[in-house]
Amino acid sequence: MPLRVHNTLTRRLEPFTPRDPGRVTFYTCGPTVYDDAHVGNFRSFLAADLLRRVIQSPLIALENSPAAQNAAAGQTHRRVIHAMNITDVGHMTDDAEGGEAGEDRMAVAGRRLQEAKKAGALPPGVEIDPRDPRAIAAYYAQRFLADARRLGMLVAMDAQREPALMPRASEAVPGMIRVIQRLERAGFAYARGEPGVRAVYFDVQRFAPYGVLSGNTLEQLRAGAGGRVSDHNQSQKRHPADFLLWKEDPRHIMRWPSPWGEGYPGWHIECTVMSLTATRGRGLDLDALTLPGGEPLIDVHSGGEDNIFPHHECELAQSCCAFNADPARGTFAGLWFHPRHLFINGQKMSKSKGNFFTIAQLTERGHEPAAIRLALIGTHYRSNADLTEQLVRDCHRAVERWRRVMDAGAPPAGARPEPVPTSEPVLRAFAAALEDDLNIAGAIGAVNTWVSEIGSPTPRHAAVLGLIDDVLGVLSLERPKPQDTEIGVFLGGLSPDQAVIAKLIERREARKAKDFGRSDQIRDQLAAMGFNIKDAPGGKVEVSRRP
RNA sequence: GGCCGCGUGCCAGAGUGGUCUAAUGGGGCGGAUUGCAAAUCCGUUUACCGUCGGUUCGAAUCCGACCGCGGCCUCCA
């Protein structure tokens with residue numbers, strides 16, 4: 001059965017049919033970089049990464065592109081042009097209708113960094129001018145990319161070769177201005193206000209399907225709009241749901257010249273521009289691009305569920321109006337893909353609760369990237385996954401179990417990966433589950449059943465698992481290197497600790513003397529210090545962090 | 001109020017008309033191994049699938065009602 005995925009736009013499971021299966025275009029709404037990303041951000045980015053890996057896997061059939069007959073690990077069956085933006089401009093602290101009020105988040109971030117700097121809380125070696133918004137953005141972007149690569153997000157790896165795949169909003173402003181002008185010329189946008197405080201709005205009433213994506217109607221939005229937007233701004237709009245495309249503000253922390261004065265772009269226009277420039281290549285002319293038949297401009301558009309409204313609704317509206325000969329026939333993206341939010345220990349994550357983790361925090365607690373990735377992709381993307389440390393630990397054990405197959409069956413170094421028929425039963429079961437709206441639990445279940453039936457792993461087993469892991473993306477991640485000392489092997493990124501080593505030596509002496517009471521006492525002491533130990537063959541002791 | 005979804009064993013979570021006397025992982029229990037642990041391996045335990053009714057030869061799976069729970073619509077992926 002070819003790949004079917006739930007489309008937010010139609011609220012149905014649909015066969016995924018890219019316009020050109022040899023060149024699938026995929027755009028993910030990426031992070032804002034005025035703070036560190038948290039595990040919830042990564043859950044939704046990793047769901048997109050999983051979909052991308054599924055689409056390009058030789059195991060997977062599409063409606064208009066069959067699976068491969070034979071495949072080897074590391075081979076890509078379809079080319080996916082996956083782009084993800086980095087938003088470094090345009091988000092305000094309040095006002096739902098497009099950044100007309102409130103403080104710029106980058107300014108808030110600057111203040112926070114300033115305080116951290118004063119308190120000496122910045123990581124060592126970090127030199128950053130908290131008054132420079134671009135420096136702040138660059139700082140957090142680089143931290144985001146490091147985590148993204150650690151977790152095997154292919155888009156972040158691609159971007160190392162091809163930076164255009166992860167464009168910065170601040171660098172796309174000229175393109176945004178051109179699209180706004182185009183919308184204005186065609187009568188979909190209008191300017192209001194005196195010079196100095198001008199604003200350009202999108203006219204939602206000119207786009208009849210406005211609301212298709214989120215299920216809203218203009219009537220409902222009119223009812224709900226009260227109280228969120230300043231009366232002054234609201235009164236100058238033609239409709240309360242009209243959203244901002246450009247805001248003139250000569251005093252703003254980040255501003256660009258424009259036909260409507262110096263200012264900054266609205267929230268939604270950046271993705272209209274970057275999704276096209278990043279996936280369509282250099283030859284794209286934003287002034288000339290016109291689609292006669294309403295065909296999608298990109299094959300997949302993803303983002304967290306909170307993006308559905310207003311962000312993607314507005315993006316769809318302005319994109320269709322800008323580029324489609326008949327806007328009402330357009331959908332902008334063929335597949336709108338929205339993973340649900342992540343919970344932490346059964347609780348909704350939110351800034352106000354302050355209950356979010358960063359990847360670094362999980363790593364410090366002794367969890368390795370492979371386990372974190374598996375935990376984050378392991379729940380169906382349209383369920384509210386719940387992240388617990390127990391889950392990450394379970395995932396770690398699964399990863400270790402799979403590694404034994406991979407390691408024991410690894411072909412000699414330098415050997416080419418062995419191609420295997422994709423009709424292999426476990427591969428068929430694995431692919432069939434994923435083809436059914438990314439049924440990851442079913443897919444992992446199939447892998448586990450197969451793994452538990454393997455007696456002694458062979459290179460062929462490893463080759464099969466390699467194909468599976470091209471999709472899951474956990475075994476290829478870097479593992480923390482064990483640090484070896486004469487007595488202890490420090491696992492999970494731990495550095496040898498003198499106090500621990502002293503305890504281990506003492507314990508070895510006690511065991512030599514058959515003083516097992518003392519030996520167990522020392523183990524308890526180490527546990528109290530936060531370390532688990534395990535006796536390994538050869539007299540060494542493996543030391544890991546107690547999670 | 002609008003849109004969407006869920007209710008399966010101790011827990012998480014697959015299964016969407018017959019092979020379900022219901023995957024998989026965790027937990028529990030028993031055993032092997034270990035000085036003891038941990039890890040690993042072997043075995044084993046637990047579900048009439050929210051309630052009621054309907055369709056059907058046949059339903060966890062389709063339909064209806066009811067009860068319960070949740071998500072998004074607001075900063076936030």
Side-chain angles (χ1 to χ4, degrees), chain A residues 6 8 11 13 28-32 34-35 37-48 84 87 91-97 102 105 108 211-217 219-221 223-225 227-228 302-311 313 338-343 346 348-353 356 374-376 378-386 388 390-391 393-395 397-398 400-401 404 429 433 436-437 439-452 455 510-512 514-517 519-521 523-524 527 532-537 541-544:
Chain A
H6 181 90
T8 306
R11 298 166 180 67
L13 228 51
T28 298
C29 267
T32 47
Y34 43 72
D35 202 348
H38 51 69
V39 284
N41 300 113
F42 282 106
R43 135 95 154 162
S44 89
F45 297 144
L46 286 173
M84 183 162 98
T87 295
H91 278 226
M92 304 296 129
T93 49
D94 54 39
D95 195 332
E97 293 301 324
R105 293 191 172 279
V108 178
V212 270
L213 186 67
S214 59
N216 285 310
T217 65
E219 281 312 305
Q220 285 153 11
L221 289 169
R228 290 211 301 264
S302 82
E305 62 177 321
D306 55 298
N307 283 156
I308 296 171
F309 189 88
H311 184 50
E313 192 74 74
H338 292 105
R340 301 265 233 128
H341 281 174
L342 179 75
F343 284 26
K348 227 162 102 167
M349 246 200 310
S350 69
K351 292 235 154 137
S352 51
K353 279 186 192 148
F356 53 81
L374 187 57
L376 289 176
T379 302
H380 190 258
Y381 72 97
R382 280 190 294 119
S383 299
N384 290 111
D386 187 15
T388 60
Q390 183 60 51
L391 175 69
R393 266 180 248 128
D394 290 353
C395 288
R397 288 175 63 173
E400 289 294 338
R401 200 159 43 228
R404 278 197 292 279
D436 181 13
D437 196 28
N439 178 359
I440 186 74
I444 289 173
V447 175
N448 282 328
T449 307
W450 171 73
V451 165
S452 65
R511 292 181 74 204
K512 223 179 256 169
K514 303 245 186 271
D515 182 357
F516 294 120
S519 163
D520 292 349
Q521 207 179 3
R523 181 165 54 211
D524 292 344
N532 278 331
I533 58 168
K534 167 181 162 187
D535 292 310
V541 183
E542 292 179 1
V543 183
S544 56

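Residue numbering restarts at 1 for every chain, and letters A, B, ... go by the order of the sequence lines.
Among the nucleotides B:A23, B:A77, B:G35, the one closest to any side-chain atom of A:Arg43 is B:A77. If you check B:A77, B:C36, B:G70 against the side chain of A:Arg511, the one that comes closest is B:C36. Nearest nucleotide to the A:Asp520 side chain, out of B:C72, B:G35, B:G13: B:G35. Considering only side-chain atoms of A:Ala441, the nucleotide from B:G26, B:A23, B:A77 that sits closest is B:A23. Of the listed nucleotides (B:C72, B:A38, B:C3), B:A38 has the atom at the smallest distance from the side chain of A:Lys534. Distance from the side chain of A:Arg11 is smallest for B:C4 among the nucleotides B:C4, B:G25, B:A23. Candidate nucleotides B:C72, B:G13, B:A37 were compared by shortest atom distance to the side chain of A:Asp535, and B:A37 ranks first. Closest to the side chain of A:Gln390, out of B:C41, B:G5, B:G26, is B:G26.
Of the possible donor and acceptor atoms, none in the side chain of A:Arg340 sits under 3.5 Å from a partner among the backbone N and O of A:Ser44. A:Ser452 places a side-chain N or O within donor-acceptor distance of the main-chain N or O of A:Asn448, the cut-off being under 3.5 Å. The backbone N or O of A:His341 lies less than 3.5 Å from a partner atom in the side chain of A:Glu305, making a donor-acceptor pair. Checking side-chain atoms of A:His380 against main-chain N and O of A:Ala385 turns up no donor-acceptor pair under 3.5 Å. Put simply, the side chain of A:Glu542 never gets that close to the backbone of A:Lys534: no donor and acceptor are under 3.5 Å apart.
Counting non-hydrogen atoms under 4.0 angstrom, A:Thr8 reaches nothing in the nucleic acid. Counting non-hydrogen atoms under 4.0 angstrom, A:Arg397 reaches the backbone sugars and phosphates but no base. A:Phe343 comes within contact range of the sugar-phosphate backbone alone, with a heavy-atom separation under 4.0 Å but no base atom that close.
B:U61 is unpaired under the Watson-Crick or G-U wobble criterion, no partner having all donor-acceptor distances under 3.5 Å. Base pairing analysis places B:C48 opposite nothing; no Watson-Crick or G-U wobble pair with both distances below 3.5 Å involves it. When Watson-Crick and G-U wobble pairs are counted only if both distances are under 3.5 Å, B:U24 pairs with B:A12. Across the strands present, B:A37 finds no partner; the criterion is a Watson-Crick or G-U wobble pair with both atom distances under 3.5 angstrom. For B:G43, the paired nucleotide is B:C29, the pair qualifying as Watson-Crick or G-U wobble because both relevant distances are below 3.5 Å. Shown here, B:G68 forms a base pair with B:C6; the pair counts as Watson-Crick or G-U wobble because both key distances fall under 3.5 Å.
Distance noted for atom P between B:G35 and B:A22: 41 Å (whole Å). Spacing between B:G15 and B:C20 at atom C1', rounded to whole Å, works out to 9 Å. Nucleotides B:C48 and B:U61 have their P atoms positioned 15 Å apart, rounded to a whole Å. Distance check on atom C1': B:G27 versus B:A12 gives 11 Å, rounded to whole Å. B:A37 sits 41 Å from B:U21 when the P atoms are compared, rounded to a whole Å. Nucleotides B:G25 and B:A39 place their P atoms 16 Å apart, quoted to the nearest Å. The same atom, P, is picked in B:C75 and in B:G7; the two are 30 Å apart, to the nearest Å. Comparing the P positions of B:U45 and B:C29 gives an interatomic distance of 15 Å, to the nearest angstrom.
Taking atom CG of A:Asn307 as the reference point, atom C1' of B:C75 lies 13 Å away to the nearest angstrom. The CD1-P distance, from A:Ile308 to B:G5, rounds to 11 Å in whole Å. Rounded to an integer number of Å, the gap from A:His338 NE2 to B:C3 C1' is 13 Å. The CZ-C1' distance, from A:Phe309 to B:G71, rounds to 17 Å in whole Å. Between the P atom of B:C75 and the CD atom of A:Glu305 lies a distance of 14 Å, rounded to the nearest Å. Rounded to whole angstrom, the span from the CG atom of A:Asn384 across to the C1' atom of B:A77 amounts to 12 Å. Rounded to whole Å, the distance from CG on A:Leu342 to P on B:A77 is 13 Å. The nearest whole Å value for the distance from the CG atom in A:Asn41 to the P atom in B:C75 is 15 Å.
In terms of phosphate contacts, A:Arg401 brings a side-chain nitrogen or oxygen within less than 4.0 Å of OP1 or OP2 of B:G26. Distances shown here put every side-chain N or O of A:Ser214 at or beyond 4.0 Å from the OP1 or OP2 atom of B:G2. At B:G70, none of the side-chain N or O atoms of A:Lys348 fall inside 4.0 Å of OP1 or OP2 (strictly under the cut-off). OP1 and OP2 of B:U24 both lie 4.0 Å or more from every side-chain N or O belonging to A:Asn448.
Salt-bridge check for A:Arg397 with A:Asp394: failed, with every basic side-chain N at 4.0 Å or more from each acidic carboxylate O.
The base of B:C36 sits within donor-acceptor range of the side chain of A:Arg523, with an N or O pair under 3.5 Å.
Take the nearest nucleotide of RNA chain B for A:Gly303 and for A:Phe516: the residue whose nucleotide is more 5' is A:Phe516. Mapping A:Pro31 and A:Gly517 onto RNA chain B by nearest heavy atom places A:Gly517 at the nucleotide closer to the 5' end.
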Stepwise side chain to side chain contact (heavy atoms under 4.5 Å, CB included) test for A:Arg511 and A:Asp535: CA-CA 12 Å; A:Arg511 292 181 74 204; A:Asp535 292 310; 3.1 Å; yes
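Residues A:Ser302 and A:Ala48 approach most closely at OG-CB, 3.5 Å, considering heavy atoms.
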